[in-house]
Number of protein chains: 2
Amino acid sequence: MSADERDGAPKRGRPRDATAEAAILRAFFEVVAEQGYPAATMDAVAERAGVAKTTIYRRWASRDALMIAAHGLLTDENPPPDTGTLRGDLLGIASLLIENLGRPPLSLVAAATIGEMAHNPDLAALFRAAVVEQRLAMLTEIFERAVARGEIAPGEDWRLLSEMLVGAVMFRVVVTGERVDARVGATLVVALLRAIAPHVDLTRPLGGADDLLAE
Amino acid sequence: MSADERDGAPKRGRPRDATAEAAILRAFFEVVAEQGYPAATMDAVAERAGVAKTTIYRRWASRDALMIAAHGLLTDENPPPDTGTLRGDLLGIASLLIENLGRPPLSLVAAATIGEMAHNPDLAALFRAAVVEQRLAMLTEIFERAVARGEIAPGEDWRLLSEMLVGAVMFRVVVTGERVDARVGATLVVALLRAIAPHVDLTRPLGGADDLLAE
DNA sequence: TAATTACGCTACCGATCCGTTGCGTTATTC
DNA sequence: GAATAACGCAACGGATCGGTAGCGTAATTA
């Protein structure tokens, strides 16, 4: 959301270019992905967006304001999966996760954002509230539905178990730099199910993730 | 390792300050932890280290060279645990991990380094070879010893399972920003053991991590 | 003592940064 | 057509960056 939009738009004069705002925010993330936050200067963003620097300053008061505004757009619109089984829901989550972060450019934006959050408390608070907690809540909801169905026992630390899944994907993407595909996601889900629900078939090795993918 | 140290040290003239090199590298990471890589400028590092900027340039040819040299020091000297049981070894690894990354300043350095690696291939290659792969290899070795003891079955994806442990800790530290303590580490190890070794006691909830801590 | 080399300090260069200003132009409303 | 406001463009000021150079001084060897 840009810094200034009040009540009824003032009607006189040339209207603002409706496409510029999206182009600027998009350009910001493009530069971040390619060269990191410090390289996303106002000049670089303006040039990438195809607008003049003054056009950016008409919408946001400073570079910090632009940065904060850009991250307001990162909320995930994908609805949380609800397949009726814990296994199906977790596979759905893994699929969403890998689709979003498994490859550039979003994997690079994620890595850069982690680095930026370490010394930018405002951005960290916003990103955690608008993105991280939202998605972890999706996982908590999935586990609670499974408990309500009697599929698993209550009382576990669902948040920490969720972080094993999300963390493993994130680790591969931003630390080792390896690509993550659906196969990896399925293997992680199998391991997680074993850790949670003792009554799943424990005789199959984790390679049995193929069975899940085939469904 | 500084950029220039050749054969027998030249003996004439005032010798280099033996403490300066360590002070410079330490100052570099201090600034990175507090303000990120871009803020670790030559002027800032020099001031923090208590040396003149020219003293840095006598040891390294450029800021990039300093940055690369600094990360050569990040290898972990802690020997991998070998307690005789998979459970003990995993708890030892979790303890090392949490001791290193569970709190500032190293947690902040880790986050900043993740962001920097995304657009600095030289640093990424060095850090992955010197730090990441080394520590993942410690975990692989632990799993292979457990297989050799007959404690667990062979054939699993040990690397991916290791990444669930390391990734969960890393996720908490650099994404959610929560502190990680020994309790969390023990809970993670219990979950991992359940995922790997079906014959552990599955009736205890994950909260049973207290039992492990008491040992 | 003389030669040599590291040191801290200051100053500088060219480049780039954020943010502002002014101006001619374009699009819209009254 | 007059008034209004956004647009692109160019320029600027003050600050900071990486990296270099000069100078007086401190520490060592021959």
Side-chain angles (χ1 to χ4, degrees), chain A residues 2-25 27-28 31-32 34-70 116 119-120 122-123, chain B residues 2-25 27-28 31-32 34-70 116 119-120 122-123:
Chain A
S2 77
D4 30 49
E5 44 202 69
R6 294 291 166 268
D7 34 45
K11 293 181 179 295
R12 277 191 290 279
R14 176 176 176 173
R16 286 192 176 172
D17 183 345
T19 70
E21 180 167 329
I24 292 165
L25 298 177
F28 174 80
V31 178
V32 167
E34 293 170 15
Q35 304 179 275
Y37 277 84
T41 66
M42 300 304 265
D43 290 281
V45 171
E47 182 181 0
R48 179 72 65 112
V51 304
K53 197 166 56 167
T54 43
T55 298
I56 303 182
Y57 278 105
R58 278 189 201 95
R59 289 169 171 74
W60 297 280
S62 68
R63 181 176 183 269
D64 281 341
L66 169 63
M67 198 184 318
I68 293 294
E116 187 68 13
H119 56 95
N120 188 332
D122 290 342
L123 182 67
Chain B
S2 77
D4 30 50
E5 42 203 70
R6 294 291 167 267
D7 34 43
K11 293 181 180 295
R12 279 190 292 279
R14 176 175 176 174
R16 286 192 175 173
D17 182 345
T19 70
E21 179 166 328
I24 292 166
L25 298 178
F28 174 80
V31 178
V32 167
E34 293 171 15
Q35 304 180 277
Y37 277 85
T41 65
M42 299 305 263
D43 289 283
V45 171
E47 183 181 359
R48 179 72 64 112
V51 304
K53 195 164 61 165
T54 43
T55 297
I56 304 182
Y57 278 104
R58 277 189 202 94
R59 289 168 170 74
W60 296 279
S62 68
R63 180 176 183 269
D64 282 342
L66 169 63
M67 198 184 319
I68 294 294
E116 187 69 13
H119 57 93
N120 187 334
D122 290 340
L123 181 67

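In this text the structure is predicted, and so the values were computed from the model without any measurement. Proteins come first, then strands; the chains are lettered A, B, ... in the order of their sequence lines, and each starts at number 1.
- Between Arg16(A) and dA5(D) there is no side-chain N or O to OP1 or OP2 distance below 4.0 Å.
- Each of Pro38(A) and Pro15(A) was matched to the nucleotide of DNA chain C holding its nearest heavy atom; the match closer to the 5' end belongs to Pro38(A).
- Remark: the Ser62(A) side chain and the dC18(C) base include no donor-acceptor N/O pair separated by less than 3.5 Å.
- For Gln35(B), the side-chain contact (heavy atoms from CB on, under 4.5 Å) test picks out Val31(B), Ala39(B), with sequence neighbours left out.
- Closest heavy-atom contact between Trp60(B) and Ala69(B): NE1-CB, 3.4 Å.
- Residues passing the salt bridge (charged side-chain N to carboxylate O under 4.0 Å, His left out) test with Arg63(B): none are found, sequence neighbours excluded.
- Residue Arg59(A) places at least one side-chain N or O closer than 4.0 Å to OP1 or OP2 of dC7(D).
- Taking each heavy atom of Ile24(B) and Ala49(B) in turn, the nearest pair found is CA-CB, 3.8 Å.
- With sequence neighbours left out, the side-chain contact (heavy atoms from CB on, under 4.5 Å) criterion links Leu123(B) to Tyr37(B), Met67(B), Ile68(B), His71(B), Glu116(B), Asn120(B).
- Between Ala27(B) and Arg48(B), the shortest heavy-atom contact is CB-CG, 3.5 Å.
- Among the nucleotides dG18(D), dT21(C), dT20(C), the one closest to the side chain of Thr54(A) is dT21(C).
- Contact check, Arg63(B) against dC17(D): no side-chain N or O comes under 4.0 Å of OP1 or OP2.
- Summarising the geometry of Leu66(B) relative to Phe28(B), their closest heavy-atom pair is CD2-CD1, 4.4 Å, with the distance given to 0.1 Å.
- Between the side chain of Arg16(A) and the backbone N or O of Arg58(A) there is at least one donor-acceptor pair closer than 3.5 Å.
- Taking atom OH of Tyr37(B) as the reference point, atom C1' of dG18(D) lies 19 Å away to the nearest angstrom.
- Take Ala44(B) and apply the side-chain contact (heavy atoms from CB on, under 4.5 Å) test, not counting sequence neighbours, and it matches Thr41(B).
- Separating the CD1 atom of Ile56(B) from the P atom of dA6(C) is a distance of 16 Å, rounded to the nearest angstrom.
- As rounded to whole Å, 18 Å separates atom C1' of dA6(D) from atom OH of Tyr57(A).
- The stretch residues 45-53 of chain B touches DNA chain D through Lys53(B), each having a heavy atom within less than 4.0 Å of the strand.
- Rounded to whole Å, the distance from CE on Met42(B) to C1' on dT16(D) is 15 Å.
- Comparing dC18(C), dC7(D), dG19(D) by their nearest atom to the side chain of Thr55(A) picks out dC7(D).
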Which atom pairs link the protein and nucleotides 1-4 of chain C when you take only N or O atoms and keep those under 3.5 Å?
none

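- Rounded to whole Å, the distance from CG on Asp43(A) to C1' on dG13(D) is 14 Å.
- Nucleotide dT20(D) holds its P atom 12 Å from the CZ atom of Arg58(B), rounded to whole Å.
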